[in-house]
Amino acid sequence: GKSIRSDKATDATGIINFGEFGAPTPDEENPDALFGHGWMRKGQANVLVSTSGTGKSVVSIQLAYAWALGREAFGLKPLRPLKIGFLETEDDLEEMREFRANMHRGYKEVYGWTDLDLAAAEKNLAIPNDFKAETGKDFVEFLRRWQLKHHFDLIVINPLQGVCGCDIANNSELREFLREGLDPVIRDEKTKCALLIVHHTNKPPTNNDRSTFGSDRYAEYLGAGGAELTNWIRSMLVIMRVKDKKGVFDLIAAKRGNRLGWPVIDDKSTKPHRYIAHSEGMIFWREVEPPEGSGEKSTTITIEDAARQLAENFKTTSMTSTEARAYAEKTHGRSKGEKVYTAVLESADEYGLEIVKTGYGNEKIIRAKRI
């Protein structure tokens, strides 16, 4: 965001008095803000953690497709479409082709995207053709050169251990890579960007302690390596398997989750989370209702009240008709969600909304009335 140093900055004394800070820059006026409420800004790093083989790579790519269009995925919606680069050492080009094919199928079948949507997203997604899996200082230098040339909003690094070139259990070595290596690149005005780093958990404990592994109480410390990683990153997402529920996982906002506006939907939970699951027959994630017995707090809300709540969301965050329908169905279930969505359309004027055409087929934008 804007520098806190004012025109009256006291270079002679070498200090900035707190009174010179001024008010926080509103997200919509802050070019560094990528998500609302400071959850992710340029100059910050964020980590996605899970066990080996869970599907972390797919989650990172699926998020990137939605964010490249400025759309929400799993409750995470950027302030605008993001330009996103991928630096991969774990997935080769053929695997990336397979992931892309599944993104096309999944976003069409599950979320109703069109070919135009997918093409628009892919214009904002890229990988380098000259990355040779450099590590340590060589990786940092490649990152600097690449970002200087392409100016991405967000760069996905997958995985951390493939590029750091250090003993991640050694906090001193980890600090050198993170704070002395990455920070100067992602914070410099010429190369400023955010990072989403894909990372593995620690090895699961022995049987005596395995029952509590993945508990959200200490989810921010599940990433392998020294505590310096948790201290350095600004936000963390953790994906952990839901016990006895095949294919269902807990997406935990382990650090800075309170900034997302997610509800703490379980009496036993200490952090906001959502439930996601593998889709049958393709490599694609979908958001699901809390599993039976999860302890979710249940509430009953009328169609009219739900429609008014949804309309209030549109006043602050406009959505396409496709996004709006999907959001309503995820929030209230397919049948009730469709009725809520229809109620909003039928009473749009009453709710202070307008519906405008986008020029892409029958797609429309639902937003607050412009005066």
Side-chain angles (χ1 to χ4, degrees), residues 1-47 78-80 82-85 87 134-157 160 163-197 199 220-221 223 225-237 253-260:
K2 297 177 182 177
S3 171
I4 61 174
R5 183 172 293 278
S6 71
D7 293 336
K8 299 179 181 179
T10 52
D11 291 333
T13 61
I15 64 170
I16 304 172
N17 291 321
F18 272 39
E20 296 182 84
F21 287 177
T25 307
D27 289 332
E28 60 272 16
E29 298 176 17
N30 187 348
D32 290 342
L34 303 183
F35 289 78
H37 307 293
W39 185 73
M40 186 189 293
R41 287 195 291 262
K42 292 181 181 180
Q44 297 178 345
N46 313 270
V47 174
L79 295 168
R80 61 181 183 278
L82 304 182
K83 183 178 180 181
I84 303 173
L87 293 176
E134 288 89 343
T135 63
K137 292 181 179 179
D138 290 336
F139 172 79
V140 171
E141 179 56 25
F142 181 92
L143 176 68
R144 187 194 67 79
R145 293 196 311 268
W146 200 46
Q147 177 62 359
L148 191 61
K149 182 176 181 180
H150 297 288
H151 304 289
F152 294 102
D153 295 305
L154 172 68
I155 294 178
V156 179
I157 297 174
L160 172 63
V163 300
C164 66
C166 68
D167 178 1
I168 62 169
N170 185 314
N171 278 321
S172 179
E173 293 184 16
L174 197 55
R175 184 181 305 113
E176 181 180 353
F177 177 70
L178 300 176
R179 298 190 188 273
E180 298 177 25
L182 296 182
D183 268 352
V185 176
I186 66 175
R187 295 183 179 184
D188 188 286
E189 289 298 331
K190 295 180 180 178
T191 53
K192 185 178 282 189
C193 64
L195 299 179
L196 177 62
I197 301 175
H199 187 39
E220 61 267 44
Y221 292 102
E228 178 66 3
L229 176 62
T230 297
N231 295 335
W232 175 71
I233 59 102
R234 303 313 297 155
S235 65
M236 178 184 287
L237 297 172
K255 189 173 181 182
R256 283 201 166 190
N258 61 316
R259 294 171 178 258
L260 292 173

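Positions are given from 1 along the sequence.
The ring-ring contact (aromatic ring centres under 6.0 Å, His included) check on Phe152 picks up Trp146, His150, with sequence neighbours excluded.
Contact of the Val163 side chain with the Ile157 side chain is registered, since non-hydrogen atoms from C-beta on lie closer than 4.5 Å. Contact annotation: the side chain of Lys190 approaches that of Leu148 to within less than 4.5 Å [non-hydrogen atoms, C-beta and beyond]. The side-chain heavy atoms of Lys42 and Asp153, taken from C-beta on, include a pair separated by under 4.5 Å. The shortest distance between side-chain heavy atoms of His151 and Thr191 does not fall below 4.5 Å. The side-chain heavy atoms of Asp188 and Gln147, taken from C-beta on, include no pair separated by under 4.5 Å. Using a 4.5 Å heavy-atom threshold, the side chains of Leu154 and Leu196 count as touching. Counting heavy atoms from C-beta on, the side chains of His199 and Leu229 come closer than 4.5 Å.
Between Asp183 and Trp232, the side chains place a donor N or O and an acceptor N or O closer than 3.5 Å (distance only, hydrogens not considered).
A donor-acceptor pair under 3.5 Å is absent between the side-chain atoms of Lys192 and the main chain of Asp32, judged by distance alone. Remark: side-chain polar atoms of Arg259 are paired, donor with acceptor, to backbone N or O of His37 under 3.5 angstrom. Side-chain atoms of Arg234 do not come within 3.5 Å of backbone N or O of Arg41 as any donor-acceptor pair. Proximity of a side-chain donor or acceptor of Asn171 to a complementary backbone N or O of Glu228 within less than 3.5 Å is detected. Between the Glu29 side chain and the Pro26 main chain, no donor and acceptor come within less than 3.5 Å of each other.
Taking the six-membered ring for Trp and the full ring otherwise, Phe142 and Phe139 have centroids separated by 6.0 Å or more.
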